[in-house]
Amino acid sequence: MHLVLAAVGDEVEVSVLDAHRAVQDVRRMPRAALPGYVAEREQRAQPRWVWDDTRAWYPALLAEGVRVERCVDLRLCHAILRRAAATASSAIATAEAGPWDEEPPRVTAHPGALFELETPGAGAPRDPVREFALQRDAVDASPDPSALSLLLAAESAGALVAAELTHAGLPWRADVHDALLTEALGRRTPGGRPERLESLLVAMRDAFDAPHLNPDSPVELLRDLRAAGLAVESTRSSELKRQRHPGIAPLLEYKKLSRLLTANGWTWLDTWVRDGRFRPVYVPGGVVTGRWASDGGGALQLPHEVRDAVRPDPGWRLVVADAAQLEPRVLAAMSGDRAMADAGRGEDMYDGIVATGAVRSREEAKYGMLGAMYGGTTGPSARVMPNLARTFPRAIGFVEDAARAGERGESVTTRLGRTSPRPSERWFEQQRAASGEEAGPALTERARSEARSWGRFTRNFVVQGTAAEWALCWMAELRNRLWRMGSGRLEERPHLVFFLHDEVVVHAPQELAEAVAAEVQAAAAQAGRVLFGEAPVEFRVTTAVVESYADAK
DNA sequence: CACGGGTGCGCG
DNA sequence: AAAGCGCGCACCCGTG
């Protein structure tokens, strides 16, 4: 059962579709009546709600305590189908760009605001019933409709999860955060640097004999470091670390603390934490590969340093779960590399790779695999590649093929069919120019370099994108399992509060925490089966029940 | 004074 | 200790 929602003036129009996607019934109601209607329909059965944009509909429902099981986010699905190789000849993909291709308005964080994205009069009208039909036509005509259907369902479930994460918020102890900042940075001084930063500044000015040295200005800092006799090309910490000078230690310490202050200091705390919750805005589909991005608050870059401020409510616990070596396992599964799947049989896949004899140490295995998936060409990681290729020919061959396709300017696709963008027109022109008769060596080399660069992107795309699909399936499965573990509103049951590519945090009543950990495991196994069938790859997940996020792993 | 590119660093 | 991929954000700094 599909129920399509459309905003019509102050009212909501609900189109009820039958099994053949024909409109069976249309009804209108005031917006205020929608939560009650949705709750009532959810109670009877779980229809699939079809709407233009989850961000425009779901926060208001959640604010009324209404949770939905399934939806179709037409905006996100449209973006996938428009680019997917499998639907390249569909009406969706071949049409001129239309209202469904418009850049979505930026969501500034006012979580809970009702219909915050409604901008009457902006853009051409969208007809969700028609768009949904076009999308289904595109999927039905594709070579593997079940894969694309799964992708669209997973993407849409992700949109629900993202809204629920913002709604629930990450439990955040401002007092713990404040204490941690004061401990690291010293007391705040009105209008000046915190005490500890100030004393580090004095120390490095003294050591470099540069009384006006300004570490906040890369240009000035570089000039003054050189004047002090240091042969540095930049002010990057990694480069400074290699220098031996008494001023380096305070400078590195200053940079570290300055980063903490500017990125996650008191200003961040005042801006992003309200009523004991950090409510970041997640952006499903925000990354080309299908990973999520975030908008405001830097949720996906939350430093380990401040995670101690993440504490469960009294009587509750955090269940922190991390998919171990997700990307190499995904590569093993999608390439059908039996030897690599076997290496992943144990707790730690890198140890398993060492056991094959292909590499000598866990570190070599780790960096070798990273190099294989990112396209590393130098250093120790590249040195172990021949051995990895011999031991895991299918896995390494798989990413090599993806790289070669990218170098030719072709698209590649993930397991479920998300397709990489093509290089720019400029890129193709450069390649054509370099293959011409009179192309000079400089031009040829630049074109080769650009080709290799795009090849590294497509090489990584297939793995990163498929890992993102696994994570979506994992969360989609998990959110339903968590819902069934309790009763009442979303935030009164075990619920997701954080997501970080291959890691989730669940906030759960203490007595349910261990059961939640088991559901997290079961959901991971289910995600593997959904994506790869009975492929012999185990997706290991580590779980920890903790009272501080900092205590996980 | 606003804006956009570059730098640097946090995360996976 | 490895150097490849994908991001967001704060800040500086040159330009208009």
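Hydrogens, waters and symmetry mates are skipped; everything else that's a heavy atom, side chains included, is used. Lettering follows sequence order; numbering is per chain, from 1. Just so you know, these numbers come straight off a predicted model, no measurement behind them.
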**OP:** Give a yes or no on whether a salt bridge exists between A:D224 and A:R205, defined as a side-chain N under 4.0 angstrom from a carboxylate O.
**Re:** no

Please report, to 0.1 Å, the donor-acceptor pairs under 3.5 Å made by any side chain of residues 231-241 of chain A, with sequence neighbours excluded.
{"residue": "A:S234", "atom": "OG", "partner": "A:R236", "partner atom": "N", "Å": "3.2"}
{"residue": "A:S234", "atom": "OG", "partner": "A:E239", "partner atom": "OE1", "Å": "2.7"}
{"residue": "A:E239", "atom": "OE1", "partner": "A:S234", "partner atom": "N", "Å": "3.0"}
{"residue": "A:E239", "atom": "OE2", "partner": "A:E233", "partner atom": "N", "Å": "2.7"}

**OP:** Could you check whether A:P303 gets within reach of a base, just the sugar-phosphate, or nothing at all, counting any heavy atom under 4.0 Å?
**Re:** sugar-phosphate

Original post:
Quick one: on DNA chain C, does A:R259 or A:R242 contact a more 5' nucleotide (nearest heavy atom)?
Top reply: A:R242

Original post:
What pairs meet the ring-ring contact (aromatic ring centres under 6.0 Å, His included) rule with one or both residues in residues 223-256 of chain A, with sequence neighbours excluded?
Top reply: A:F208-A:H245

**OP:** Specify the separation, in whole Å, of atom CG of A:L257 and atom P of B:dC9.
**Re:** 13 Å

Do any side-chain atoms of residues 197-204 of chain A form donor-acceptor pairs under 3.5 angstrom with protein atoms, and if so which ones, sequence neighbours left out?
{"residue": "A:S199", "atom": "OG", "partner": "A:R196", "partner atom": "O", "Å": "3.0"}

Subject >> d(CG, A:N264; P, C:dG8) in whole Å >> reply: 16 Å

**OP:** Consider the side chain of A:Y367, meaning its heavy atoms from C-beta on, and name the nucleotide among C:dA3, C:dC7, C:dC9 that approaches it most closely.
**Re:** C:dA3

Original post:
With no hydrogens and no angle check, is any side-chain donor or acceptor of A:T419 less than 3.5 Å from a backbone partner on A:G417?
Top reply: yes

Original post:
Among the nucleotides C:dG4, B:dC9, C:dC9, which one has an atom lying closest to any side-chain atom of A:Q301?
Top reply: C:dC9

Original post:
So, do A:W454 and A:F461 have ring centers that fall under 6.0 Å from each other?
Top reply: no

Subject >> Rounded distance in Å - CG (A:L240) to P (B:dT7) >> reply: 15 Å

Original post:
Under 4.0 angstrom, heavy atoms only, what part of the nucleic acid is A:G286 near: base, sugar-phosphate, or nothing?
Top reply: nothing

Original post:
So what does A:K256 touch, heavy atoms closer than 4.0 Å: a base, only the sugar-phosphate, or nothing?
Top reply: sugar-phosphate

**OP:** Go through the side-chain N and O atoms of A:T54 and A:D73 and say whether any donor and acceptor fall under 3.5 Å apart.
**Re:** yes

**OP:** Syn or anti for C:dG4, please, going by whether the chi angle lies within 90° of 0.
**Re:** syn

**OP:** Check whether any side-chain nitrogen or oxygen of A:S381 sits under 4.0 Å from OP1 or OP2 of C:dA3, and answer yes or no.
**Re:** yes

**OP:** Check each residue of residues 444-464 of chain A for a non-hydrogen atom within less than 4.0 Å of any atom in DNA chain C, then write out the ones that pass by number, or none.
**Re:** A:R456, A:F457, A:N460, A:Q464

Original post:
What is the distance from CG of A:L331 to P of C:dC5, rounded to the nearest Å?
Top reply: 17 Å

**OP:** Report the distance from atom CG of A:D322 to atom C1' of B:dC11, rounded to the nearest whole Å.
**Re:** 13 Å

Subject >> A:K255 vs B:dC9: side-chain N/O to OP1/OP2 distance below 4.0 Å >> reply: yes

Original post:
Could you give the NZ-to-C1' distance, from A:K366 to C:dA3, as a whole number of Å?
Top reply: 13 Å

**OP:** Would you mind reading off the distance between A:W272 atom CH2 and C:dA10 atom P, rounded to a whole angstrom?
**Re:** 8 Å

**OP:** Not counting sequence neighbours, list each pair that qualifies as a side-chain hydrogen bond (donor to acceptor under 3.5 Å, both in side chains) and has a residue in residues 384-399 of chain A.
**Re:** A:N387-A:R390

Original post:
Is it true that A:R479 and A:E164 have a side-chain N and a carboxylate O under 4.0 angstrom from each other?
Top reply: yes

Original post:
What is the distance from CG of A:L252 to P of B:dG8, rounded to the nearest Å?
Top reply: 13 Å

Original post:
Which part of the nucleic acid, if any, lies within reach of A:R236 when heavy atoms closer than 4.0 Å are counted: base, sugar-phosphate only, or nothing?
Top reply: sugar-phosphate

Original post:
Counting side-chain heavy atoms from C-beta on, which of C:dG6, C:dA2, C:dA10 comes nearest to A:T289?
Top reply: C:dG6

Original post:
Does OP1 or OP2 of B:dG8 have a side-chain N or O of A:T235 closer than 4.0 Å?
Top reply: yes

Original post:
Is the centre of the A:H177 ring less than 6.0 Å from the centre of the A:W266 ring?
Top reply: no

Original post:
According to the Watson-Crick and G-U wobble definitions, with both distances under 3.5 Å, which nucleotide is paired to C:dG4?
Top reply: none

**OP:** For the side chain of A:A293, starting at C-beta, report the closest nucleotide among C:dC7, C:dG6, C:dA10.
**Re:** C:dC7

Can you name the atoms? Protein N/O to nucleotides 12-16 of chain C N/O, anything below 3.5 Å, with the distance.
{"residue": "C:dC13", "atom": "OP1", "partner": "A:S217", "partner atom": "OG", "Å": "2.1"}

**OP:** For A:T377, report the nucleic acid contact type (base, sugar-phosphate, nothing); a contact means any heavy atom under 4.0 Å.
**Re:** nothing

Original post:
Does a side-chain heavy-atom distance below 4.5 Å link A:L478 with A:L496?
Top reply: yes

Original post:
When we call it a touch if two heavy atoms are under 4.0 Å apart, what does A:E363 touch: a base, just sugar-phosphate, or nothing?
Top reply: base

**OP:** Using a cut-off of strictly less than 4.0 Å, decide whether A:H304 has a side-chain nitrogen or oxygen near OP1 or OP2 of B:dG12.
**Re:** yes

